[in-house]
**Q** 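Quick one: this structure, given as structure tokens, is what I'll be asking you about.
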Number of protein chains: 2
Amino acid sequence: MARTQGSHSEITGPKLREAARSLFARYGYAAVSMRQIAAEVGVQAGALYNYIPDKQSLLFDLMKTHMDELLIAYDGHMRDGAPIDQLKQFVGFHIRYHAERPEAVFIAYMELRNLDPGNFAQIEALRRNYEARLEEILKAGVESSAFQVPDTRIAAMALIAMLNGVNTWFREGGRLSMAEIETLHWDMVRKGVLA
Amino acid sequence: MARTQGSHSEITGPKLREAARSLFARYGYAAVSMRQIAAEVGVQAGALYNYIPDKQSLLFDLMKTHMDELLIAYDGHMRDGAPIDQLKQFVGFHIRYHAERPEAVFIAYMELRNLDPGNFAQIEALRRNYEARLEEILKAGVESSAFQVPDTRIAAMALIAMLNGVNTWFREGGRLSMAEIETLHWDMVRKGVLA
DNA sequence: GTCTATATTACGATAGAC
DNA sequence: GTCTATCGTAATATAGAC
């Protein structure tokens with residue numbers, strides 16, 4: 001510690017993203033200054049521009065990376081099975097994956113309006129992509145008569161909204177464990193879509 | 001029009017709140033300047049301080065008023081009945097009331113982190129108050145064996161999260177009417193809690 | 001009650017030394 | 001790659017004229 005000058009490209013880059021993720025999640029993109037981020041990283045504000053062209057790119061990078069990783073993780077996690085099994089996998093994956101990275105999740109849906117139009121369109125496309133994967137499960141369940149869902153699009157959005165709710169209040173060490181919360185939600189989801 | 005000076009206390013006050021509500025909802029509290037609000041109202045920025053002590057008070061006033069009115073409207077809307085009927089009333093009330101004032105709703109849950117600590121505590125108390133009313137319905141239903149809900153607190157939060165989801169995508173004139181959306185959600189809620 | 005003008009502070013971003 | 005210093009702009013809020 002205590003070195004105030006010198007080259008640190010391999011650590012400053014990641015630290016910059018971590019600091020921005022933490023601060024944006026807590027105070028919001030518009031309320032956080034480049035100077036605050038720099039202080040958290042341990043450099044002066046000007047030094048940040050060796051890593052990013054501007055503040056907007058930093059926000060976009062965080063959101064794009066989060067969505068890309070979400071889709072990759074989802075595809076790696078899912079196994080074949082009946083619609084009811086796939087739905088259970090989705091619920092478990094969604095709750096746990098999001099609970100493990102609350103900051104990125106929070107930013108991804110609170111800061112959409114602070115994205116430039118072109119950036120917004122890209123993130124929106126990824127979000128719809130994820131939503132569509134749940135809808136496909138619901139559609140398959142309706143076709144096999146396992147589910148009774150009058151409108152799979154609405155149901156997919158409603159279920160994701162419900163599952164996202166966990167992220168607004170869950171804290172490690174609270175009254176319920178993550179596993180219990182998962183069970184309780186799966187119970188409601190299952191009953192809600194079953195024929 | 002075209003009068004650029006003079007007294008307008010009876011219209012400027014409400015116009016100020018309307019402008020702030022609209023701009024905060026669209027761009028976020030931190031991203032909106034007093035000058036922007038003043039331009040929307042049709043006065044200079046300094047004139048706004050005849051109506052509010054500072055920007056923070058303006059945000060708090062919008063959120064406090066919204067929550068107060070929500071609770072009053074809820075109490076005026078609810079009628080006695082079996083838990084299942086009360087739950088249906090809650091779902092209908094919540095979806096419609098929130099759909100009618102999307103800006104205030106959006107602000108009420110996106111701008112919580114921009115409230116000063118004392119203001120935050122007040123709004124949080126009102127929000128928990130509203131949530132508790134749904135939980136009471138669920139508890140009554142469990143006691144009468146009409147509902148099977150293992151954890152009424154979690155279920156209340158999950159259901160409200162699901163219903164709030166409507167506000168993030170509903171637009172008048174879309175594929176589905178408000179009544180259809182209400183029916184679809186009631187269908188899921190009902191099945192999700194029934195014994 | 002609103003205006004113009006301004007005090008004070010902070011912002012994002014850049015330039016040039018090391 | 002990071003520093004110090006700074007450019008140009010804009011923020012909240014206030015003062016005093018009308």
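Note that these values count all heavy atoms, side chains included, but never hydrogens, waters or copies made by symmetry. Quick note on labels: first sequence line is chain A, next is B, and so on, each numbered from 1. Note that this is a predicted model, so its numbers are computed, not measured.
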**Q** Name each donor-acceptor pair under 3.5 Å that joins a side chain in residues 136-146 of chain B to protein atoms two or more places apart or in another chain, with its distance.
**A**
| from | atom 1 | to | atom 2 | distance (Å) |
| --- | --- | --- | --- | --- |
| B:Ser144 | OG | B:Ala140 | O | 3.4 |
| B:Ser144 | OG | B:Gly141 | O | 3.3 |

**Q** Do B:Phe60 and B:Tyr29 have their ring centres less than 6.0 Å from each other?
**A** no
**Q** To the nearest 10°, give me the bend of the helix from C:dG1-D:dC18 to C:dC18-D:dG1, comparing the axes of its five terminal pairs at either end.
**A** 0°
**Q** Could you identify which residues of residues 45-62 of chain A place a heavy atom less than 4.0 Å from some atom of DNA chain D, listed by residue number, or say none?
**A** A:Ala47, A:Asn50, A:Tyr51
**Q** For residues 161-174 of chain B, which residue pairs qualify under side-chain hydrogen bond (donor to acceptor under 3.5 Å, both in side chains), counting only residues two or more places apart or in two chains?
**A** B:His94-B:Asn164
**Q** Could you work out, with salt bridge (Lys or Arg N to Asp or Glu O under 4.0 Å) as the rule, every residue matching B:Glu40, not counting sequence neighbours?
**A** none
**Q** How long is the line joining CE of B:Met34 and P of C:dC3, in whole Å?
**A** 14 Å
**Q** So, using side chain to side chain donor-acceptor pair (under 3.5 Å) as the criterion, who are the partners of A:Gln44 when residues are at least two apart?
**A** none
**Q** Any side-chain N or O of A:Gln44 below 4.0 angstrom from OP1/OP2 of D:dT4?
**A** yes
**Q** For residues 48-62 of chain A, which residue pairs qualify under side-chain hydrogen bond (donor to acceptor under 3.5 Å, both in side chains), counting only residues two or more places apart or in two chains?
**A** A:Arg17-A:Asp61, A:Asp54-A:Ser57, A:Gln56-A:Asn119
**Q** Please collect all salt bridge (Lys or Arg N to Asp or Glu O under 4.0 Å) contacts where either partner lies in residues 80-92 of chain B, sequence neighbours excluded, each pair once.
**A** none
**Q** Under 4.0 Å, heavy atoms only, any strand: does B:Val32 hit a base, just the sugar-phosphate, or nothing?
**A** sugar-phosphate
**Q** Can you pull out the residues from residues 10-23 of chain B that lie within a 4.0 Å heavy-atom distance of DNA chain C?
**A** B:Thr12
**Q** State whether B:Glu111 and A:Arg113 are salt-bridged, where the test is any N-O pair (Lys NZ or Arg NE/NH1/NH2 against Asp/Glu carboxylate O) under 4.0 Å.
**A** yes
**Q** State plainly whether the residues A:Glu100 and A:Arg96 are in salt-bridge range, i.e. N to O under 4.0 Å.
**A** no
**Q** Nearest-Å distance, CD (B:Gln36) to P (D:dA11)?
**A** 7 Å
**Q** What's the spacing between B:Leu16 CG and B:Met34 CE if we round to 0.5 Å?
**A** 7.0 Å
**Q** Using a cut-off of less than 4.0 Å, is there contact between a side-chain N or O of A:Ser33 and OP1 or OP2 of C:dA10?
**A** no
**Q** Could you tell me which residues satisfy salt bridge (Lys or Arg N to Asp or Glu O under 4.0 Å) with A:Arg21, sequence neighbours excluded, listed by chain and number?
**A** none
**Q** Take A:Arg128 and A:Glu131 through the test salt bridge (charged side-chain N to carboxylate O under 4.0 Å, His left out) and record every step on the way to the result.
**A** CA-CA 5 Å; A:Arg128 276 199 303 272; A:Glu131 231 167 59; over 6 Å; no
**Q** Enumerate the residue pairs fulfilling side-chain hydrogen bond (donor to acceptor under 3.5 Å, both in side chains) with a member in residues 64-76 of chain A, sequence neighbours excluded, ordered by first and then second residue.
**A** A:Lys64-A:Asp68, A:Asp75-A:Arg133
**Q** Check nucleotides 7-9 of chain D against the protein and report each pair of N or O atoms closer than 3.5 Å, with its distance, or say if there are none.
**A**
none

